[in-house]
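Scroll down for the structure; my scribbles are underneath it.
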There are 2 protein chains.
Amino acid sequence: MTEHAHDAHHGSGHGHHAHRGGDVEASLERAAATCLARGAQLTELRRQVLRLVLESGQPIGAYALLDRLRGERRGAAPPTVYRALDFLMEQGLIHKIERLNAFVGCAEEPGHGHTHAHPHPHQFLICGRCGSTAEVCDEGVAHAVAGAAARLGFVVHRTTVEVEGICAHCASADATAG
Amino acid sequence: MTEHAHDAHHGSGHGHHAHRGGDVEASLERAAATCLARGAQLTELRRQVLRLVLESGQPIGAYALLDRLRGERRGAAPPTVYRALDFLMEQGLIHKIERLNAFVGCAEEPGHGHTHAHPHPHQFLICGRCGSTAEVCDEGVAHAVAGAAARLGFVVHRTTVEVEGICAHCASADATAG
DNA sequence: GGTCATGATGATACACTATATCATGGTGGC
DNA sequence: GCCACCATGATATAGTGTATCATCATGACC
């Protein structure tokens, strides 16, 4: 295991939400600092959307976000939330899970070399049983993809890796319960 | 290059379609044989949809398929094409590219160990410049993903790997043209 | 101050993607 | 014949994402 895959669960996944307010606030602060350093404008709207994504603690769809956003923004419409999501993705503060048409906060912890480095390599593990998702940053996967592309002369911009299966929790539940 | 990544271009990509009729016919024959051996029913409708996907030679959306299908099936509706696509994906005869919401014929050549083995490992390289896509089957990527998942106790069912970037053709064009 | 370019947001409408549901019809087992 | 099973027809609706134009704030520049 040389790839130092550091796990990073989103989603309590197994039924309950994850309103770990402290983590959300800390993430928002880091996001603000990152944007400031970069000259990107983390406006009030974008911050609200980021907060909603982080608070959900699991993949959340654009229209679910829109519903929640309307609690604080009267006239919010689809473009309102999509534009904010586009910005947040460009900044690497959130990711989109294509298979789910849903968004999650980036689980990248500070101090792993890159702090929200623009599109950083990441992969998602999606449990088909409980719906939880985990973001992992496995260098081995990133290298293998880069190598395969390079051998074909392909210049990589962004990579989407989404693994659907059964998480450790559900797998062990299956093993005991039959 | 130990992973024996065998390229398999879909899509002439660079402007012209790829109506390589012979290839399409051969693929249809192989598909029929595979389904027969498996007890799966490659009905006329499903065969028509598979043919349309193969003939397009590039990623094609469900509604574009529907339009074309209506040339041969009067009352075709969305469920008509989606049901056929679901079947073809289950059989591994086509793949969906999530980033594009589009479908391509499986480029797996016969004689690589698995013949349309149920979900076989594959990756897509998507050129953001010309829109061409290439399907590759890189064992290194597959192993890296399997390893990362296994270390977390995650049981893999299916893996989606989609790489967005610039293909060799467009990259060299950039290099010469500035 | 005035003008202008830029970028963010508001607001409306629309396009695109996918599924739910019930009805119909064919095939083969019994 | 009857039934179970599967594929398809047909209609309606749900879910996801963009195009477009208007408005407004900010800051550069003259």
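Note that the coordinates shown come from a computational prediction; the quantities given were computed from them, not determined experimentally. Sequence lines set the chain letters: A, B, ... in the order given, protein chains first and strands last, and positions in each chain run from 1.
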Selection from [options] that lies nearest to any side-chain heavy atom of [X]:
X	options	answer
Y82(A)	dT19(C), dG17(D), dT9(C)	dG17(D)
R46(B)	dA8(C), dT19(C), dT8(D)	dT8(D)
P79(B)	dT8(D), dT9(C), dT11(D)	dT11(D)
A77(B)	dT11(D), dA11(C), dA18(C)	dT11(D)

> Relative to each other, are the rings of H120(B) and H122(B) parallel, tilted or perpendicular (30° and 60° limits)?
Replying inline: tilted
I'd like to know if the side chain of [X] reaches the main chain of [Y], judged simply by a donor and an acceptor atom lying under 3.5 Å from each other, with no hydrogens or angles considered.
X	Y	answer
Q48(A)	L69(A)	no
E162(B)	E98(B)	yes
R70(B)	A76(B)	yes
Q91(A)	A40(A)	no

Does the side chain of [X] get closer than 4.0 angstrom to OP1 or OP2 of [N] through an N or O atom?
X	N	answer
N101(B)	dA18(C)	yes
K96(A)	dT16(D)	no
T43(B)	dT8(D)	yes
R73(A)	dT9(C)	no

Nucleotide [N], atom [atom2] - distance to [atom1] of [X] in whole Å:
X	N	atom1	atom2	result
Q41(B)	dT8(D)	CD	P	8 Å
Q48(B)	dG9(D)	CD	C1'	14 Å
L88(B)	dA7(D)	CG	P	12 Å
R99(B)	dT17(C)	CZ	P	15 Å
L45(A)	dG10(C)	CG	P	6 Å
L65(B)	dT17(C)	CG	P	11 Å
D67(A)	dA14(D)	CG	C1'	14 Å
D86(A)	dT18(D)	CG	P	7 Å

>> Go nucleotide by nucleotide along DNA chain D from the 5' end; which of A76(B) and Y63(B) gets its closest nucleotide reached first?
In response: A76(B)
>> Heavy-atom nearest nucleotide on DNA chain C for G75(A) versus E98(B): which residue maps closer to 5'?
In response: G75(A)
>> Judged by each residue's nearest nucleotide on DNA chain C, which is more toward the 5′ side, P78(B) or R83(A)?
In response: R83(A)
